[in-house]
Amino acid sequence: MYLIGLTGGIASGKSTVARRLVEHGAVHIDADDLARRVVEPGKPAFDAIVAEFGEGVVGHDGRLDRPKLGELVFADDAARTRLNAIVHPAVRELSRKLIERAEAEDPDAVVVYDVPLLVEASVDHPFDLIVVTNAPRRTQVERLVQERGYDPIHAEARVDAQVDNTARLSIADVVIDTDGSMAHTMSQTDALWQRIRQERARA
Ligand SMILES: CC(C)(COP(=O)(O)OP(=O)(O)OC[C@H]1O[C@@H](n2cnc3c(N)ncnc32)[C@H](O)[C@@H]1O)[C@@H](O)C(=O)NCCC(=O)NCCS
Ligand SMILES: Nc1ncnc2c1ncn2[C@@H]1O[C@H](COP(=O)(O)OP(=O)(O)OP(=O)(O)O)[C@@H](O)[C@H]1O
């Protein structure tokens, strides 16, 4: 297995890059998706969140009211720390399992673990390569407002809840500049795939 840790700020283009790598044959594991799975009703993290934040964060359908919880934790660092302390260990455990499973299914797999908070949550899986998607803060905010319909204050709060680009760039083996055209993002991603193939052919 060849394990890529893919990180980047919110709306910096991680999913876009991951999708392209999957087209080339990579296996994609998405931490945001795992973070949703571990808080399904009946899971220990769901109960822990309700105990911590109250029934008010449960929607009419019995699931977490994500917009409500989001409003709460992106306006309050201490609340976000408490939520992270519940969700992150469960994500860490599940990601470890899924990475092991991907390797068992195909020892030659290239696995992309797409994890927005790789730096913040000190994710220490044994990555062969750390790839960072990078776009300036104003581009991130603009995308959140224009494409995801966030109000500007909320968009800025989400971006500022994460480490800044300098901290992510300092741990990158490869940086993909996602502030240009989509074609530019794709060509950098294709070049990355070629690099990995060549590296593996030599190994
Ligand atoms: C607060 C919650 C309920 C809001 O849900 P919502 O559906 O609105 O957003 P979603 O989960 O799709 O996240 C979208 C993006 O927000 C950013 N983000 C999410 N959680 C966090 C966090 N704790 N700190 C900083 N940024 C975060 C990431 O860039 C993520 O890609 C949810 O994000 C959550 O449970 N967060 C805590 C778990 C977590 O850290 N997830 C991120 C990766 S493990
Ligand atoms: N050059 C580019 N590279 C990547 N994405 C771009 C580019 N130009 C515009 N975009 C847009 O920016 C958005 C990036 O979203 P994407 O879901 O890939 O980011 P993400 O980092 O996975 O976000 P999140 O942290 O919320 O999971 C997409 O809507 C995409 O169409």
Side-chain angles (χ1 to χ4, degrees), residues 5-22 28-40 43 45-46 48-50 52-53 57-59 63-95 98 112-123 125 131-151 154-165 167-168 175-190:
L6 173 63
T7 195
I10 187 166
S12 65
K14 292 178 299 299
S15 311
T16 306
V17 166
R19 264 198 304 278
R20 184 67 159 198
L21 293 172
V22 167
H28 182 207
I29 299 174
D30 179 359
D32 280 337
D33 177 42
L34 306 191
R36 277 179 216 115
R37 283 166 60 178
V38 300
V39 301
E40 287 289 321
K43 297 278 161 91
F46 175 89
I49 290 170
V50 177
E52 183 74 43
F53 295 96
V57 299
V58 180
R63 295 166 175 271
L64 284 185
D65 182 338
R66 300 180 68 86
K68 194 164 194 180
L69 190 54
E71 249 168 57
L72 211 147
V73 302
F74 291 109
D76 178 345
D77 292 350
R80 195 171 60 256
T81 302
R82 289 189 281 134
L83 178 65
N84 290 347
I86 296 168
V87 181
H88 290 177
V91 170
R92 192 180 294 270
E93 194 187 322
L94 182 56
S95 62
L98 294 181
V112 181
Y113 183 39
D114 171 350
V115 53
L117 304 181
L118 189 145
V119 173
E120 293 87 337
S122 308
V123 178
H125 294 321
V131 176
V132 172
T133 51
N134 191 59
R137 184 178 184 280
R138 69 181 141 66
T139 300
Q140 293 176 269
V141 173
E142 199 177 282
R143 287 178 183 165
L144 290 175
V145 172
Q146 288 178 1
E147 293 168 23
R148 299 193 199 170
Y150 287 34
D151 68 70
H154 191 195
E156 290 190 354
R158 282 252 185 168
V159 173
D160 294 339
Q162 305 185 339
V163 295
D164 64 13
N165 286 340
R168 269 187 297 267
V175 178
I176 297 189
D177 167 19
T178 51
D179 194 31
S181 66
M182 207 43 121
H184 185 52
T185 293
M186 295 309 172
S187 69
Q188 293 170 85
T189 309
D190 294 345

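Position 1 is the first residue of the sequence; numbering continues from there. Ligands are counted one by one from 1 in listed order, and the atoms in each one are counted from 1 as well. Keep in mind the model is a prediction, meaning the values are calculated, not measured.
Taking every heavy atom of V73 and a limit of under 4.0 angstrom, the matching atoms of ligand 1 come to 1 (C). Near G9, the atoms of ligand 2 lying under 4.0 angstrom from a non-hydrogen atom of the residue are 21 (O). Heavy-atom contacts of D32 reach the following atoms of ligand 1: 30 (C), 31 (O), 42 (C), 43 (C) (cutoff under 4.0 Å). Near S181, the atoms of ligand 2 lying under 4.0 angstrom from a non-hydrogen atom of the residue are 1 (N). The contact set between ligand 1 and I10, taken as ligand atoms under 4.0 Å from a residue heavy atom, comprises 15 (C), 16 (O), 17 (C), 29 (O).
Side chains of F46 and E40 form no contact here, defined as non-hydrogen atoms less than 4.5 Å apart. The shortest distance between side-chain heavy atoms of T133 and V175 does not fall below 4.5 Å.
Between R137 and D164 there is no salt bridge, since no side-chain nitrogen of the basic residue lies less than 4.0 Å from a carboxylate oxygen of the acidic one.
In P116, neither the side chain nor the backbone holds a heavy atom less than 4.0 Å from any atom of ligand 2. Residue-level proximity to ligand 2 for V17 is absent, since no heavy atom of it falls below 4.0 angstrom.
Ranked by closest heavy atom to atom 30 (C) of ligand 2, the top entry among Q188, K14, M182, R148 is M182. Here the shortest heavy-atom distance to atom 13 (O) of ligand 1, taken over R158, Q162, R36, belongs to R158. Among H88, K68, E71, R92, the residue whose heavy atom lies nearest to atom 40 (O) of ligand 1 is H88.
Scanning the protein for heavy atoms near atom 18 (O) of ligand 2, the closest one is T16 OG1, 2.6 Å. Protein heavy atom closest to atom 3 (N) of ligand 2, with residue, atom name and distance, is T185 OG1, 2.7 Å. Looking only at heavy atoms of the protein, atom 37 (C) of ligand 1 is closest to L83 CD2, 3.7 Å. Scanning all protein heavy atoms for the shortest distance to atom 8 (N) of ligand 2 gives R143 NH2, 3.2 Å. In terms of protein heavy-atom proximity, atom 22 (O) of ligand 2 is closest to S15 OG, 2.6 Å. Counting only heavy atoms of the protein, atom 13 (C) of ligand 2 lies nearest to E147 OE1, 3.5 Å. Nearest to atom 27 (O) of ligand 2 among the protein's heavy atoms is D32 OD2, 3.3 Å. Looking at atom 19 (O) of ligand 2, its nearest protein heavy atom turns out to be G13 N, 3.1 Å.
Heavy atoms only, all atoms of each residue included: R143 and A135 are closest at NH1-CB, 4.3 Å. In plain terms, the two heavy atoms of I10 and Q140 that are nearest each other are O-NE2, 2.9 Å. What you find for A79 and F53 is that their closest heavy atoms are O-CZ, 3.5 Å.
How far CG of D30 is from CZ of R36: 7.0 Å, rounded to the nearest 0.5 Å. With rounding to the nearest 0.5 Å, the separation of OG1 in T185 from CG in D177 is 7.0 Å.
In terms of polar-atom proximity, defined here as any N/O pair under 3.5 Å, I10 makes no such contact with ligand 2. Between D179 and ligand 2, not a single N/O pair is under 3.5 Å apart.
For E93, the CD atom is loosely surrounded, since the number of other residues' heavy atoms within 6.0 Å does not exceed 12.
The closest approach between a heavy atom of G180 and any atom of ligand 2 is below 4.0 Å.
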